[in-house]
Amino acid sequence: MNPHQRAAQAAARPPALDRLLARDAMQALIAHHGRTEVLAIAREQLAQWRALHEVAEAGQAGFDAQAFEAACARVLAGRAQPSLRPVFNLSGTVLHTNLGRAPLPAEAIAAVAAVMGGPGNLEYELGSGERGDRDAHLEGLLRELTGAEAATAVNNNAAAVLLVLNTLAQGKAVPVSRGELIEIGGAFRIPDIMRRAGARLVEVGTTNRTHRRDFADAIDSRTALVMKVHTSNYAVQGFTAAVPETELAQLCREHDLPFVVDLGSGTLVDLTRYGLPAEPTPRQSLAAGAQLVTFSGDKLLGGPQAGLIVGERALVARIKRNPLKRALRLDKMTIAALEAVLRLYRDPDRLAERLPTLRLLTRTRAELQALAERVAPALAQALGAHAVVQILPCRSQIGSGSLPVERLDSVCLAITPPPGLRRAGSFPQRLAAALRALPVPVIGHIADGQLRLDLRGLEAGAQEQSFVAQLAQLRSAAGAEVLPQA
Ligand SMILES: *Cc1c(COP(=O)(O)O)cnc(C)c1O
């Protein structure tokens, strides 16, 4: 190495760390991310540079401070990105468990914001100045909306079922129809919950047909209660028979046993008034003679994750005394959100405007078609010659174990590869990945070699605008290797 080369190389080595950190760009990063964080990443980047440049070779590019700063900024931005983020749910499933189920109304978000930053009367009676009960914020509304004598709330409906069974049936037997031994996604299975609750499942009847006499034969001195489970995510069709709630309730009364209904989704209003298929309500089950009904807060009800238990006062009181209730109880943010959502039900006339779940479910084909015609050109422009965008009719599902066989007429943007594209087979997957890489990831679904974006999940107005605005970044977000090559 001649002296000239040696000098060039010396000039290309990185300066000392504090000299690097004193530069304007690094100071800006410190102001944003904090000194500790920037220092750690700068050290890491320098170590990487050294590892790559350990073996000095003549002609090798030297240290580039600007490239170093850009790399630090990129890593820091990635680390600052929250893990849990909003996405656009254009999957065609409105209540998508993996995408957080029900979107909350503005009223619920405001209620959460109002109580989360400081103290509140969570378990405190403002009238007497004495210790209160956190269920009190919900119980009155739940009684009003279901006709129940009493109510309590826990973490989710799985917890509600567990708590009911553990309280009323530990060490005892619970007959359930073989047609109702459900599995809900995410490892909720009736036989498993039953076991964990300490109860013994007694299978009754057959998969397709269960009769009153099957239950009557199963009941003996060890029976704790009879449970009916709503077959939320499937339908048994054809030669079938199930025992109506009124008959099971009658049978339970004859044997002095509680009759418990796990409604799964449940809804607090008659959905047919909004043009939707009928879904059973807790009020109906209670009127049919159920002593307890359990249902979810974040399915058709359209609220936060919660499990609701409504029914007879004495039974609810026993449930509330179970130490497991303490382990499964709701936090103040959920209670605030749930209370606000339940209040909306007092005005059913405006519910379809104010409750996002119902608003999404009641959108018309015409409305979605108009939205598609506004949005499709922006998507086509963003993709350029890389893809073909079409507006097609499709069918949305409600999801989360609600109305499993019903579909709602909807409209989607269907994206196909341009004619003659190489590697066209993996086109939908690559495009789906590119859409997921956007600042607000867009989740679609793949069918028949197309990527489909069901527009039922995209609200007109602010959501539509932010969806369109970020499409310009589609190519840079994806990177050339992800986005299909024309
Ligand atoms: C969804 C569902 C559950 C579980 O409810 P989570 O709120 O998801 O815990 C239990 N039973 C039935 C019938 C359901 O549909």
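Order of listing sets the numbers, starting from 1, for every ligand and every atom in it. Quick note: residue numbers are just sequence positions, from 1.
Between E464 and R374 there is a salt bridge, with a side-chain nitrogen of the basic residue lying less than 4.0 Å from a carboxylate oxygen of the acidic one. Taking 4.0 Å as the cut-off between side-chain N and carboxylate O, R343 and E339 count as a salt-bridged pair. We find that D135 and K320 are joined by a salt bridge, their nearest charged nitrogen and carboxylate oxygen being less than 4.0 Å apart.
For E367 (side chain) and T364 (main-chain N/O), a donor-acceptor pair under 3.5 Å exists by modelled atom type.
Using a 4.5 Å cut-off on side-chain heavy atoms (C-beta onward), F427 and L451 make no contact.
Remark: ligand 1 and A159 share no N or O pair separated by less than 3.5 Å (distance only, no angle test). For D262, a nitrogen or oxygen atom sits less than 3.5 Å from a nitrogen or oxygen atom of ligand 1, counting backbone and side chain alike.
Residue S296 approaches ligand 1 through these ligand atoms, each under 4.0 Å from one of its heavy atoms: 5 (O), 6 (P), 7 (O). The I182 neighbourhood of ligand 1 comprises atoms 11 (N), 12 (C), 13 (C), with distances under 4.0 Å to a heavy atom of that residue. Atom numbering of ligand 1 starts at 1 in the shown order; those under 4.0 Å from a heavy atom of F188 are 10 (C), 11 (N). Numbered from 1 in the order shown, with element, the atoms of ligand 1 that lie under 4.0 Å from a heavy atom of A158 read 4 (C), 5 (O), 6 (P), 9 (O). Counting atoms of ligand 1 from 1 in the listed order, those under 4.0 Å from a heavy atom of H230 are 13 (C). Ligand-side atoms of ligand 1 in range of R101: 6 (P), 7 (O), 8 (O), range being under 4.0 angstrom from any heavy atom.
In this structure, K299 is part of the shell of residues with a heavy atom less than 4.0 angstrom from ligand 1. Distances from ligand 1 to the non-hydrogen atoms of E183 include no value under 4.0 Å. Ligand 1 is never approached by V161 to a heavy-atom distance shorter than 4.0 Å.
A cation-pi geometry, defined here as NZ or CZ lying under 6.0 Å from the six-membered ring centre and within 45° of its normal, holds between R209 and F239.
Side-chain atoms of N322 and T167 form a donor-acceptor pair, as typed in the model, at a separation below 3.5 Å. Side-chain polar atoms of T93 and Q397 form a donor-acceptor pair below 3.5 angstrom.
Closest heavy-atom approach to atom 3 (C) of ligand 1 within the set N157, T97, L308: this belongs to N157. Of the candidates G264, S265, G307, G264 brings a heavy atom nearest to atom 12 (C) of ligand 1.
At a 4.0 Å heavy-atom cut-off, ligand 1 does not touch E180 at all.
The two residues M227 and L165 have their closest heavy-atom pair at SD-CD2, 4.2 Å.
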